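In what follows, every chain begins at residue 1, and chains take the letters A, B, ... in the order their sequences are listed. Note that the coordinates shown come from a computational prediction; the quantities given were computed from them, not determined experimentally.
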2 protein chains.
Amino acid sequence: MDSRPGYDRKLLNILRTAASVFAEKGYSRASIRDISGATGVSLSGLYYYFGSKEELLYLIQDHCFATLLTRLEEDLEGVADPECRLRIFVRNHLHFFVANMEEMKVLSHEAEVLTGDFRSRILDKKRAYAGALAGILSELREPEGGTGSEAVENALPPRGEGATLRTTTFVLFGMMNWIYTWYDPERDLPVEELEQTILHLFLHGVLTPPAPDGEVRLPETSRMGRSSIWRGG
Amino acid sequence: MDSRPGYDRKLLNILRTAASVFAEKGYSRASIRDISGATGVSLSGLYYYFGSKEELLYLIQDHCFATLLTRLEEDLEGVADPECRLRIFVRNHLHFFVANMEEMKVLSHEAEVLTGDFRSRILDKKRAYAGALAGILSELREPEGGTGSEAVENALPPRGEGATLRTTTFVLFGMMNWIYTWYDPERDLPVEELEQTILHLFLHGVLTPPAPDGEVRLPETSRMGRSSIWRGG
DNA sequence: GTCGGATCCGTACGATCGTTCGATCGCCAA
DNA sequence: TTGGCGATCGAACGATCGTACGGATCCGAC
């Protein structure tokens, strides 16, 4: 196939820079001229890499989400214990979020602006990702039955166990995703402690004092330095 | 003073309609012409009620936040027990959020677009509100000492107990505020159960089974029907 | 009756936006 | 040398935006 390393590298550089501009000014307030100035590529030259501003946003979100999903599948492979799977999910999500704060802010904050196929393609990935967490939470409470992902986005059952599972799922997502509004890596806790704090709050609550020797550590501490999306400079 | 009931009623109606438009299309994608069409007031006629689009957003956010703060102070008055104060805070926040979803979405989602005095005035209210929750959480963990609000926004201490308190505060806000991205009152849990679920998760965690006879009920169940900001039609 | 302020409107202006178009440059194959 | 294609550019177009301006309408006070 057509693998043009120069083209791909320049496109990824545009995506990264545009994500930074979108994260700072907001998608609709940021202009293509802003991205042109930030990347050094001329205004019309940018349209060689994307067909419209909306497709640019889609490319950013899709590339970010695809990487996040791939990382999750890698880390979750071979792990069966529900609590361990939950810890891996939270760790992967938080580390990736902090390491790619601008892209994840664009993915979270500009979730409603895409339309048509762009929108549905991102929504499919989002449903799969939320379904994965719901499945873990379902196994955590009663280790049996289905994956739980059906009850999150489907309408049945409207009220009952499915609604509580859906609530629990999105409450956990809220605990994690909200960090893009307040987390400052220079003044707040480092990511590892943030991860432990959130995990303790979600699993045991504030009223339960944390374990004296620190929280549970995961066996494989893979990928601590290469969390970022972007391969090279 | 100049109390013009007709003027005030029309202004509040404009604020409510504009909040709905902003919540649906986003602040910067929504045009004054959209608000003109939604309210029935002509394009230039709107500028009799506000000086600029940014001031309109400020008026929406300020009116919404001021009401939220007033309600909180009323409900918290005379209550000393930290856990009870926390339950009141969460209940007030969630009920107000669900009853005024569009305004609260605008307040949460468009938090970074205001500039200058508009921005700092809203930020002051936001700091006071977050400081109130931080104070409650501080008392909850060790019932003594200060209010805890200093450690949330000030830089000292940079790492340690203050950073954990700050983290806990915003994690709880994340659990609650994220609902504007997923909560649908017609398919999800009713507000009372949402409140109980979030409170149980934050206080005791998922691994702790809930109390068999339902969660703790607050004594005074005031203001269940008049949660909305808007007085009349 | 008419004066004046409160209220509301139609219209237009200048700015900025996303996007398009045709031309140009560099580079490799023929 | 020349042809062609990938890559890039300057300039402009049409649309939409926030806002300003001058005039209309209404209504109670004198």
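Distance B:Asp34 CG to D:dC17 P: 7 Å, rounded to the nearest Å. The interatomic distance linking B:Tyr47 (OH) with D:dG23 (C1') rounds to 19 Å, in whole Å. What separates CZ of B:Arg29 from C1' of C:dC17 is a distance of 14 Å, to the nearest Å. One interatomic measurement links the two molecules: CZ of A:Phe50 to C1' of C:dT20, which rounds to 14 Å at whole-angstrom precision. Rounded to whole Å, atom P of D:dG18 lies 15 Å from atom CD of B:Glu55. The distance between atom CD1 of B:Ile32 and atom P of D:dA20, rounded to the nearest whole Å, is 11 Å. Taking atom NZ on A:Lys53 and atom P on D:dT16, their separation rounds to 15 Å, with Å as the unit. For the pair A:Arg33 CZ and C:dT16 P, the computed distance is 10 Å after rounding to whole Å.
Paired runs in DNA chain D that reach 3 or more consecutive Watson-Crick or G-U pairs, where each pair keeps both distances under 3.5 Å, cover C:1-28 with D:3-30.
Applying the 4.0 Å criterion to OP1 and OP2 of D:dT8, one finds that A:Tyr49 has a side-chain N or O inside that range. For D:dT8, neither phosphate oxygen OP1 nor OP2 lies less than 4.0 angstrom from any side-chain nitrogen or oxygen of A:Tyr48.
The residue from B:Phe118, B:Phe50, B:Phe65, B:Phe22 that alone fulfils the ring-ring contact (aromatic ring centres under 6.0 Å, His included) condition with B:Tyr58 is B:Phe118.
When all heavy atoms of B:Ala38 and B:Thr17 are compared, the closest pair comes out as CB-CG2, 3.5 Å.
For B:Tyr129 and B:Phe89, the gap between ring centers is short of 6.0 Å.
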Side chains of residues 171-180 of chain B: which donor-acceptor pairs under 3.5 Å do they make with residues two or more places apart or in other chains?
residue  : atom : partner  : partner atom : Å
B:Asn177 : OD1  : B:His93  : NE2          : 2.7
B:Trp178 : NE1  : B:Thr181 : OG1          : 3.3
B:Tyr180 : OH   : B:His109 : ND1          : 2.7

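For B:Ser42, whose side chain is taken as the heavy atoms from C-beta onward, the closest listed nucleotide among D:dC9, C:dT19, C:dC8 is C:dC8. Of the candidates D:dA20, D:dT19, D:dC9, the closest approach to any side-chain atom of B:Ser44 belongs to D:dA20. Closest approach to the A:Lys10 side chain among C:dC17, D:dG18, D:dT8 is made by D:dT8 (side chain taken as heavy atoms from C-beta onward).
Heavy-atom distances to DNA chain C give each of B:Gly6 and A:Leu43 a nearest nucleotide, and the one nearer the 5′ end belongs to B:Gly6.
Annotation: side chain of A:Leu12 is not in contact with side chain of A:Ile229 (no heavy-atom distance under 4.5 Å).
For the pair A:Lys53 and A:Tyr27, the distance from NZ or CZ to the six-membered ring centre is under 6.0 Å and the angle to the ring normal is within 45 degrees.
No donor-acceptor pair under 3.5 Å is formed between the side chain of B:Arg87 and the backbone N or O of B:Leu199.
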